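Keep in mind that this is a model prediction, so the values were computed, not measured. Atoms within each ligand, like the ligands themselves, are counted from 1 in listed order.
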Amino acid sequence: MHIFYSEDHKLRDAKTELFGGELVAPFEAPFRAEWILAAVKEAGFRDVVAPDHHGLDVALKLHSPDYLDFLETAWSRWVADGYRGEAIATCFPARRMRQHPPRDIDGALGYYSFAAETAITEGTYAAARAAMDCALSAADHIHAGNRAAFALCRPPGHHAAIDLYGGYSFINNAACAAQRLRDQGAAKVAVLDVDFHHGNGTQDIFYERNDVYFASLHGDPVDAFPYFLGFADEEGAGEGLGTTKNYPLPRRTGYDVWSAAMADALARIAAFGAEAMVVSLGVDTFERDPISFFRLTSDDYIRMGAALKRTGLPVVVCMEGGYGVPEIGLNVANVLKGLSG
Ligand code: SP5
Ligand code: ZN
């Protein structure tokens with residue numbers, strides 16, 4: 001299985017995350033990709049290749065043009081205003097306020113985000129483009145006839161919505177992979193999101209579409225970020241009604257309950273008629289993840305990968321979350337091990 005990896009992920013190296021009222025070292029940091037890369041190589045996945053450079057044509061089918069332009073220019077606008085710290089949103093267009101992009105960068109940050117923990121920094125956009133390139137190249141690799149590919153995306157992408165960043169996500173890598181698979185001829189595609197957090201961005205992007213099925217297993221939003229999306233009654237709208245499925249799960253969920261939900265999701269994806277699948281892989285479901293509350297063990301990730309393989313579908317795996325502990329590498333390698341059987 002090919003691993004698509006770009007050194008440019010290191011350009012996303014924020015110094016600050018707003019957490020517990022303090023600016024702390026971000027959970028989403030370069031060491032994550034380095035640990036994961038080392039572990040997958042150690043597990044025998046040695047075909048590590050740099051992605052091709054892609055344009056924005058696929059992303060422009062998912063994100064709004066003004067949003068992508070904002071991402072590209074936000075840091076220079078912030079610096080031009082004389083701010084000395086990293087760019088953190090502080091004011092949001094909340095209930096009953098006007099939804100209009102401000103001219104001022106401080107306001108634009110709030111307009112284009114849904115969470116303040118994620119700072120924009122100098123290299124953020126370049127790194128997000130490289131992560132997108134990994135996802136697109138992995139999709140191209142599937143189109144070329146391979147059964148599976150791993151896009152070691154960093155920063156992650158599944159929280160990035162049509163015109164919102166947050167949750168450490170800027171461009172939705174998994175959505176780009178799914179769109180690429182569609183553009184290359186797959187009539188129907190599924191995105192299975194197994195990150196601990198609800199994939200609000202991916203859901204938003206495909207909510208009214210009937211060609212992409214979205215299923216997500218995650219911490220119940222009454223208890224977990226992103227709090228305001230991912231409930232069981234969200235099922236898609238318009239032409240997309242019935243093509244979104246959410247599995248909000250309680251604290252201390254282990255693999256028995258979790259895997260039953262995954263099996264239900266995979267049955268629905270098969271019934272939908274997906275010809276290819278993108279997996280948003282977060283290993284923040286791990287029992288010792290520092291910011292999450294599921295109880296998966298390292299061996300469970302082998303079983304997860306094997307279940308993905310049993311679908312018989314070609315699979316693009318996109319890296320999402322998973323933090324703090326050395327086991328993130330092993331857990332990702334275990335998914336790939338199960339998937340390549
Ligand atoms: C890609 C991904 O996994 N993004 C997750 C972003 C989560 N950021 C907010 C973290 C807040 C953690 N709150 C923990 C509360 C523990 N009581
Ligand atoms: Zn997550």
Student: Is there a polar contact between ligand 1 and Gly167, counting only N or O atoms under 3.5 Å apart?
Tutor: yes

Student: How wide is the angle at the Zn ion (ligand 2) spanned by Asp284 OD2 and His197 ND1, rounded to 10 degrees?
Tutor: 100°

Student: Can you sort out which atoms of ligand 1 are near Gly321, meaning under 4.0 Å from one of its heavy atoms?
Tutor: 3 (O)

Student: Short list, please: which atoms of ligand 1 are under 4.0 Å from a heavy atom of His158?
Tutor: 1 (C)

Student: Do any N/O atoms on Asp284 end up under 3.5 angstrom from N/O atoms on ligand 1?
Tutor: yes

Student: Would you please classify the geometry between the Phe272 ring and the Tyr213 ring as parallel, tilted or perpendicular, with 30° and 60° separating the classes?
Tutor: tilted

Student: Between Tyr227 and Phe225, how do the two ring planes meet: parallel, tilted or perpendicular, split at 30° and 60°?
Tutor: perpendicular

Student: Is it true that some N/O/S atom of Asp195, main chain or side chain, lies under 2.8 Å from the Zn ion (ligand 2)?
Tutor: yes

Student: May I ask you to list the atoms of ligand 1 that are less than 4.0 angstrom from any heavy atom of Glu117?
Tutor: 6 (C), 7 (C), 8 (N), 9 (C)

Student: With atoms numbered from 1 as shown, which atoms in ligand 1 lie under 4.0 angstrom from a non-hydrogen atom of Pro156?
Tutor: 1 (C)

Student: Who gets closest to atom 2 (C) of ligand 1 by heavy atom: Tyr323, Phe19, Tyr168, Phe225?
Tutor: Tyr323

Student: Would you mind listing which atoms of ligand 1 come within a distance below 4.0 Å of any non-hydrogen atom of His159?
Tutor: 1 (C), 2 (C), 4 (N), 5 (C)

Student: On the 0 to 90° scale, with breaks at 30° and 60°, tag the Trp258-Tyr255 ring pair as parallel, tilted or perpendicular.
Tutor: parallel

Student: In this structure, are over 12 heavy atoms from other groups packed under 6.0 Å from Glu122 atom CD?
Tutor: no

Student: Please name the residue in the list Ile269, Asp204, Thr202, Val189 that meets the side-chain contact (heavy atoms from CB on, under 4.5 Å) test with Phe214.
Tutor: Thr202

Student: Could an N or O of ligand 1 be found under 3.5 Å from any N or O of His197, whether backbone or side chain?
Tutor: yes

